[in-house]
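A short write-up of the structure that comes next.
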Amino acid sequence: MSHATTNGAKAATAKRANPLGGLLTWADDRTGLAAVSKKQIRKVFPDHWSFMLGEIALWSFVVLLLTGTFLTLWFKPSMAEVVYDGSYDQLRGLHMSEAYASTLDISFDIRGGLLMRQMHHWSAMLFIAAMFVHMMRVFFTGAFRKPRELNYLIGLLLLLLGVIEGFAGYSLPDDLLSGTGLRIADGLVKATPVLGTYMSFFMFGGEFPGDVIIPRLYIVHVLLIPGILLALIGLHMLLLVYQKHTQWPGPGRTNNNVVGYPMLPVYAAKAGGFFFIVFGVTALMGGLLSINPVWRYGPYNPAEVTAGSQPDWYMGFAEGLLRIMPGWETHIFGFTISWNVMLPGQIIPVMFLAAMLAYPFIEAWITGDKREHHLLQRPRNAPTRTAFLVSLMTAYGMLWMAGGNDLLAVIFNLNLNYITYFMRVMVFVAPVVAFIVTRRWCISLQRQDEARLLHGYETGVIMRSPEGAYAEKHLPISGDEAYTLTARDRDPLLPAPTAADENGVAARHVRLHRLRARLSRAWFAHNVQKPTTTELEEARHHAEHELAVRDDGHQHVSGDYTGDYELDGHAADGHQFDGRHGVSGEELRQH
Amino acid sequence: MRLLTDRLAARLSRGRRGRYAGVVVLMLGLLVTGGAYAVLSPAQASDEAADQSTVDQGRALFLVGCASCHGKNGEGVTLQNGNQYGPPLAGVGAAAVDFQVGTGRMPMARPGVQAPKKDVLYSEEEISALAAYVASLGPGPAIPESDAYDPLAIPEEDREEAIVRGGEFFRTNCTACHNFAASGGALPGGKYAPSLRGVSDKHIYEAMLTGPQQMPVFSDEVLKSEEKRDIIAYLNSIEDAPRYGGGNMGAFGPVSEGLFAWLVGIGACVGFAVWIASSSTRSKKGTQS
């Protein structure tokens, strides 16, 4: 390729061809990628910090792949017994599995090994935590609504796989903690009625701990799940590109466009830069904060256990369930049903997951909303949904605390038993309280939005009437803000079905529809709907009237004053420049 | 021994078969056995602390500081409902006193499920007087000699092996309550196993020997004296070891790690996300695009 330049006065001169251009042409002639990427590199993404939470997870995953590859070069997934002969004095000469010995070698004898191990572990924690906060954002803003339900399900699947992947990784070093974790996993499997012992024997290749579980988990950890994760992440991103990213409502933003920056150069730079930031944060944590000091735990020995045996945080809620569960058991026909392990270990986590998986469909059914949504909802504008997730988060938080009950007891000088009793109650009560409080809180915020739309914002100018009443001056909000606040739908209440229509044809599924109408009512009835056009027009006229400057140069604004007098309100000198309205013509009054 | 006395008796009896020969032999036998026992037996018998004035001084202190719960003669106080107010002290030994008073656990500031460690109220001299008095109530473990607990008494060439052995003993017997890094842990009903960091070698040894508060007794039959010393050697070695991985966040295991992952890791990443999203190509920071 060659370029010619001319300014019209001089003859055009040929520039030297760019060798890179030649290479790209060569590639394009054979792949035809230019036509595709021409459009894609200009693809627009909206800009908001909350849209970058999933990116933290994505970049953590990249860090995991990089550091994990490093670790595989030295880790030996074998439970064969060896005598440790490395640099860590306190364990030298002990018998241990090869897996544990090689983990010690990575930590003490391989250059950079400990840093890589710690970065791997920290980024695993960040990976799952970032998926959680990303999912919370998606849930709170209603981004899972049509057409994105499928991507929401893929996201949940990623989360579940991430947790399993994390647990497998936690078990690999074969230290005391990972062995204790596997023992609990063994217990959970064995709690399955009738089949439990068979499943456990298949899993461990005999009685726990056996000598096959670590090689098996290794393949699951480095090949099987990462492969599925990678494929699902690819699918997740493809769907994201295909369906376009959701955006916050605002001036110029509609359900049919995306307002933001193009992929190249802006968004690629931002996202690429963010990778280095996530990498840097992980590297700092890996370098400065000790995580999973396996040499302190010692090799796994079924006869040993340590206080402070907890799983990594993402299994903490299951640990909490297990810790607060009363010791219930039933004996039927010679079989023991261990409710004390089966309920917290198998049934309740699956119920949690099922509730999250089913949620978008349940909500769509109750609200009857089958439209496409590309504009996000503010959490306050979906009070019931927001309250639902907050109550789930509260239950999760309670279980977290229950999972760390021994540390709460030690650090805050509490009684371990009382924490358990307290949590047994709170795990039911706290979510209900959280639901009610959050819902009312959201509705209050909706009221505040309505007040801003109809009465303007509070200026902070306090007026006193002749009889001594105080009132605050309000000014109308900007048009942009008013647009943003009103860019939402009214919540449709489903009417109760009648047994037969006007032609006397009996309706089908009446009972189901009646339930749905009742649920829809409970869902929406207390929400504050946005003001109607008439209300907004009225409010505007009122404001114009109040803001009109009279002959004497004063405005007569009443604010929230309801008395008989006309008030003269102006801001204290200097405060008229409040940054909320135009200041042309305003000047310091000098008196 | 028997052979020796027999031969002695034979020679004696050959010389003069007096009426008291048998008695003399018996007395001699008793003397030898008793003397040998006195020389060879462990220091448990409290005869060395028989210094009466020390015991008296200890009793005077005991009556002021301890008797309200443990009884005027250390016999313990039982409440009407059968609960112990203060346990009887006969037989707990000087080591128990040295541990309880020497770490400030006794005297307790108030009744409770467990006596917390606090400032030591008595001087060295007063503690040994109290110990002597309590030891005089009945035989019990004496305050150990420094060779028994000091890891430096382990020969240099055996020390590393002793540390490894001590680690195994520690993980088998101690971590279940005291945590893998000796950070302490919770027990039922408001009780707890305290942190072992910064506790003196002697006090750790005495604690194993006497089993204070909720702790089981690891007598010499359960865990030999040298094995206790191995554990102390291990604890000292991990306390002196560098923090290989960086800050240990309290050494409480995955719970504090999870806390840091959320607060520091996610906190920092979200903070940076806010920063990146607020800086754009066209507008300066802080103004809306």
Side-chain angles (χ1 to χ4, degrees), chain A residues 47-49 51-53 55-56 89-94 107-108 114 118 122 125-126 129-130 133 176-177 261 266 270 273-274 277-278 281-282 285 287-293 295-298 301 303-313 316 404-407 409-410 414-417, chain B residues 113 160-161 163-164 167-168 170-172 175-181 183-193 234 237-238 241 243-262 264-266 268-270 272-281 288-289:
Chain A
D47 218 5
H48 192 266
W49 66 267
F51 301 160
M52 302 179 75
L53 299 174
E55 246 178 82
I56 303 176
D89 289 345
Q90 280 91 333
L91 295 172
R92 195 175 301 130
L94 279 189
S107 305
F108 292 108
L114 183 56
Q118 299 203 139
W122 279 121
M125 287 196 164
L126 289 186
V133 284
L176 186 52
L177 211 51
Y261 295 112
V266 182
K270 284 192 176 206
F274 198 39
I277 283 174
V278 171
V281 168
T282 317
M285 292 183 83
L288 298 175
L289 296 170
S290 172
I291 188 166
N292 196 20
W295 57 91
R296 297 295 285 273
Y297 296 117
N301 174 345
E304 294 171 1
V305 73
T306 171
S309 288
Q310 260 102 2
D312 276 350
W313 71 260
N405 59 1
D406 54 333
L407 293 177
V410 161
L414 298 170
N415 184 324
L416 192 63
N417 302 35
Chain B
V113 287
E160 196 183 300
E161 213 175 310
I163 287 172
V164 175
E168 277 293 87
F170 180 72
R171 285 188 292 275
T172 309
T175 50
C177 302
H178 285 286
N179 163 304
F180 63 95
S183 310
L187 299 172
K191 298 161 190 166
Y192 59 92
Y234 173 74
S237 86
I238 59 169
R243 289 185 173 174
Y244 296 107
N248 64 9
M249 304 168 295
F252 282 116
V255 171
S256 49
E257 292 164 5
L259 198 68
F260 272 71
W262 276 91
V264 177
I266 290 295
C269 287
V270 171
F272 277 116
V274 172
W275 173 64
I276 291 179
S278 72
S279 332
S280 62
T281 48
Q288 283 293 318
S289 55

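In what follows, every chain begins at residue 1, and chains take the letters A, B, ... in the order their sequences are listed.
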Non-hydrogen atoms of [X] and [Y] that approach each other most closely:
X	Y	value
L53(A)	V270(B)	CD2-CG2, 3.6 Å
E304(A)	T172(B)	OE2-OG1, 3.2 Å
I266(B)	L126(A)	N-CD2, 3.7 Å
I276(B)	K270(A)	O-NZ, 3.1 Å

Worksheet item: With a 4.5 angstrom heavy-atom cut-off, which part of E161(B) approaches chain A: side chain, backbone, both or neither?
Response: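 Neither part.
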
Selection from [options] maximising heavy-atom pairs under 4.5 Å formed with chain A:
options	answer
N179(B), L259(B), V113(B)	N179(B)
G250(B), A268(B), A251(B), S237(B)	S237(B)
G253(B), A273(B), G258(B), G185(B)	A273(B)
C269(B), A241(B), A181(B), G167(B)	C269(B)
P254(B), A261(B), G190(B)	P254(B)

Interatomic distance, [X] atom [atom1] to [Y] atom [atom2] [nearest 0.5 angstrom]:
X	Y	atom1	atom2	answer
R296(A)	S183(B)	CZ	OG	7.5 Å
E257(B)	M125(A)	CD	CE	5.0 Å
T306(A)	R171(B)	OG1	CZ	10.5 Å
L416(A)	Y192(B)	CG	OH	14.0 Å
M52(A)	F272(B)	CE	CZ	11.5 Å

Segment of [X] engaging chain B (4.5 angstrom heavy-atom cut-off):
X	value
V281(A)	side chain
F108(A)	side chain
L289(A)	both
I277(A)	side chain

Does [Y] offer a backbone N or O that forms a donor-acceptor pair with the side chain of [X] under 3.5 Å?
X	Y	result
Q90(A)	I163(B)	no
N417(A)	P188(B)	no
S290(A)	G247(B)	no

Fill in: Test item: V164(B) and L91(A) side chains (from C-beta on) under 4.5 Å apart, heavy atoms
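No, side chains not in contact.
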
Discussion item. Do W122(A) and F260(B) have side chains that approach each other closer than 4.5 Å (heavy atoms only, starting at C-beta)?
Written reply: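 Counting from C-beta outward, W122(A) and F260(B) do come under 4.5 Å.
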
Worksheet item: What residue, out of A303(A), A129(A), P293(A), G404(A), has the most heavy-atom pairs lying under 4.5 Å from chain B?
Response: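 Top option by heavy-atom pairs under 4.5 Å: A129(A).
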
Worksheet item: When heavy-atom pairs shorter than 4.5 Å are enumerated against chain B, which of I291(A), L114(A), V133(A), V410(A) gives the highest number?
Response: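 With the most close heavy-atom pairs to chain B, the winner is I291(A).
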
Worksheet item: Angle class for the Y244(B)/W295(A) ring planes (parallel below 30°, perpendicular above 60°, tilted otherwise)?
Response: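 Geometry flag for W295(A) against Y244(B): perpendicular rings.
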
Item to complete: With sequence neighbours excluded, tell me which residues meet salt bridge (charged side-chain N to carboxylate O under 4.0 Å, His left out) with D406(A).
Response: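 Residues passing salt bridge (charged side-chain N to carboxylate O under 4.0 Å, His left out) with D406(A): R323(A).
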
